[in-house]
Amino acid sequence: MSKKKQSIFITVLMFFCSIPFYSQMKQDALVLYNNGKYAESVAVCEQELAENPNRIESYVVMCWSLVRNKQYSEAEQRATDGLKISPYDLRLIEILGEARYYLGKNNGAMEQFQRYVSSAPESGSRVGTAYYYMGEIYIRQARYQHADISLTAAVKKEPLLDFWWVRLGYAREMAKNYYEAANAYDEALRLNPASVEADRGRTRVSSKIQ
C-alpha cells in the first residue's frame, strides 16, 4: 500500500472510530446525572446546547443537575430559557418550580407546581414531588389546612417516604388536628423507627390528645 493510500486509510479509520465515541459523549449527560456527577453533567449539556441551542433534552438534564448541585439561580434561568423553546415541557415546568422553591420564591414556585400537577398524567414521575413542595410552601405560609391537603396527595403517590409523613404530621399538628397528626407520625415511625422528628412529633401530639 502506497503512503498516500495508507494515509487516506488511517484518516477514514479514525473518522469511523470517532463516531461511536462522539455518540457516547452525546448520551453522557443523563448517565452523569444519574451517577451524581452534576457539574460534569452540566458541562456536557452546555456543550450540546452550543451545538444545538434548541435541544430540549439538554435543558432538562442540565436543570436537574443544577438543582441537585444547589445552583438554583442558574437552574431558574436555564429552565426559563428552555421553556421559551418548548413552553409546555412538563419536566422543565416542574424543575423550574423546584429552583424557585429553593430560592424562596414561593408564589412563583407554586405557580409552576400547580401547572405541572394540572397537566401531568396521574402516573407522572414527579407528581408526588410537586405535591410535596406545594405542601412545604403552604407550611411556609402558615396555611396548614392547605399543606395537609397537598402532603396527603404526596404520600398517596409515594407512601414509602417517611420524611413526607413527618411533614404531613407537622402540618396537621399546626392545624390542631392532633389525632390525624398522630396517625401521620405513627406511619413515619413505622417506615423509619429511628426518625427523631417523627418521635418528637408523636410525643408532642400525644400530650395534646390526653
Side-chain angles (χ1 to χ4, degrees), residues 33-34 36 60 63-68 70 72 75-76 79 83 87-210:
Y33 168 78
N34 287 330
V60 171
C63 292
W64 288 344
S65 297
L66 287 169
V67 168
R68 298 300 169 265
K70 300 182 179 181
Y72 305 124
E76 180 185 32
L83 286 168
Y88 304 106
D89 191 292
L90 292 176
R91 300 165 300 175
L92 288 175
I93 289 169
E94 192 279 330
I95 200 64
L96 177 57
E98 289 192 35
R100 288 180 172 169
Y101 169 83
Y102 287 110
L103 290 169
K105 299 180 178 181
N106 294 331
N107 292 336
M110 182 65 76
E111 178 185 357
Q112 298 306 312
F113 292 131
Q114 289 175 338
R115 284 184 65 194
Y116 178 78
V117 299
S118 66
S119 301
E122 285 295 313
S123 60
S125 63
R126 303 291 287 177
V127 171
T129 299
Y131 278 122
Y132 164 74
Y133 281 115
M134 290 168 66
E136 290 289 1
I137 291 169
Y138 285 130
I139 288 175
R140 287 177 177 179
Q141 297 171 337
R143 300 168 67 185
Y144 300 116
Q145 297 286 3
H146 286 75
D148 184 344
I149 294 169
S150 293
L151 290 167
T152 296
V155 297
K156 283 183 179 178
K157 292 293 181 183
E158 298 188 47
L160 301 180
L161 298 177
D162 61 281
F163 182 70
W164 288 13
W165 284 99
V166 171
R167 299 304 285 164
L168 175 57
Y170 179 77
R172 290 174 173 178
E173 180 184 352
M174 292 298 99
K176 300 183 179 180
N177 297 325
Y178 299 122
Y179 285 100
E180 293 84 352
N183 291 336
Y185 286 132
D186 284 342
E187 183 61 20
L189 287 167
R190 187 187 69 79
L191 293 167
N192 179 14
S195 173
V196 174
E197 290 185 65
D199 184 61
R200 289 175 178 171
R202 187 64 173 86
T203 300
R204 288 194 305 271
V205 297
S206 294
S207 66
K208 301 291 178 61
I209 293 171
Q210 293 174 354

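Note that this is a predicted model, so its numbers are computed, not measured.
Between Tyr102 and Tyr133, the ring planes lie perpendicular to each other; the angle is over 60°, past the 30° to 60° tilted range. Ring pair Tyr170/Tyr144 is perpendicular by interplanar angle, where above 60° counts as perpendicular and below 30° as parallel.
With salt bridges taken as basic N to acidic carboxylate O contacts below 4.0 Å, none links Glu197 and Arg200. Classification of Arg100 and Glu111 as a salt-bridged pair fails, no side-chain N sitting under 4.0 Å from a carboxylate O. Under a 4.0 Å N-O distance rule, the pair Arg126/Glu94 qualifies as a salt bridge. Using a 4.0 Å cut-off between a side-chain N of Lys or Arg and a carboxylate O of Asp or Glu, Glu122 and Lys157 qualify as a salt bridge.
Here the straight-line distance linking atom OH of Tyr179 with atom CZ of Arg172 works out to 15.0 Å at 0.5 Å rounding. With rounding to the nearest 0.5 Å, the separation of OG in Ser125 from CZ in Arg91 is 9.5 Å. Note that CD of Gln114 is 11.5 Å distant from OG of Ser119, once rounded to the nearest 0.5 Å. Here OG1 of Thr129 is found 8.0 Å from OH of Tyr116. Values are rounded to the nearest 0.5 Å. Atom CE in Met174 sits 12.5 Å away from atom CG in Asp148 (nearest 0.5 Å). In this structure, SG in Cys63 is found 11.0 Å from OH in Tyr33, a value given to the nearest 0.5 Å.
A donor-acceptor contact under 3.5 angstrom links the side chains of Tyr132 and Glu136, judged on distance only. Using modelled atom types and a 3.5 Å distance limit, the side chains of Glu173 and Tyr185 yield a donor-acceptor pair. Under the 3.5 Å distance criterion, with hydrogens and angles disregarded, no donor-acceptor pair is assigned to the side chains of Thr203 and Asp199.
When all heavy atoms of Gly97 and Ala109 are compared, the closest pair comes out as O-CB, 3.4 Å. Ala188 and Val166 get closest at one heavy-atom pair: CB-CG2, 3.6 Å. Minimum interatomic distance between Leu90 and Ala120 (heavy atoms only, all atoms of both residues): CD1-CA, 3.7 Å. In plain terms, the two heavy atoms of Ser195 and Leu189 that are nearest each other are O-CD2, 3.7 Å. Closest approach of Ala75 and Ala99 over heavy atoms only: CB-CB, 4.0 Å.
Looking at heavy atoms from C-beta onward, Tyr72 lies out of side-chain contact with Leu66 at the 4.5 angstrom threshold. Side-chain contact check for Leu151 versus Ile139: some heavy-atom pair is nearer than 4.5 Å. Tyr131 is not listed as a side-chain neighbour of Glu158, based on a closest heavy-atom distance of 4.5 Å or more.
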Might you work through the side chain to side chain contact (heavy atoms under 4.5 Å, CB included) test for His146 and Gln141, ending with a clear yes or no?
-> CA-CA 10 Å; His146 286 75; Gln141 297 171 337; over 6 Å; no
Between Val155 and Leu161, does a side chain to side chain contact (heavy atoms under 4.5 Å, CB included) hold up when you go through it step by step?
-> CA-CA 7 Å; Val155 297; Leu161 298 177; over 6 Å; no
Assess whether side chain to side chain contact (heavy atoms under 4.5 Å, CB included) is satisfied between Leu168 and Glu187, documenting all intermediate values.
-> CA-CA 10 Å; Leu168 175 57; Glu187 183 61 20; over 6 Å; no
Evaluate side chain to side chain contact (heavy atoms under 4.5 Å, CB included) for Tyr138 paired with Ile149, printing each intermediate quantity in order.
-> CA-CA 10 Å; Tyr138 285 130; Ile149 294 169; over 6 Å; no
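Using modelled atom types, one side-chain atom of Ser118 and one backbone atom of Arg115 make a donor-acceptor pair closer than 3.5 Å. The main-chain N or O of Ala147 is never found under 3.5 Å from a side-chain atom of Ser150 such that the two would form a donor-acceptor pair. When atom types are taken as modelled, the side chain of Asn177 and the backbone of Glu180 share no donor-acceptor pair closer than 3.5 angstrom. Side chain of Trp165 to main chain of Pro159: a donor-acceptor pair is present (N/O by atom type, distance under 3.5 Å, no hydrogens or angles).
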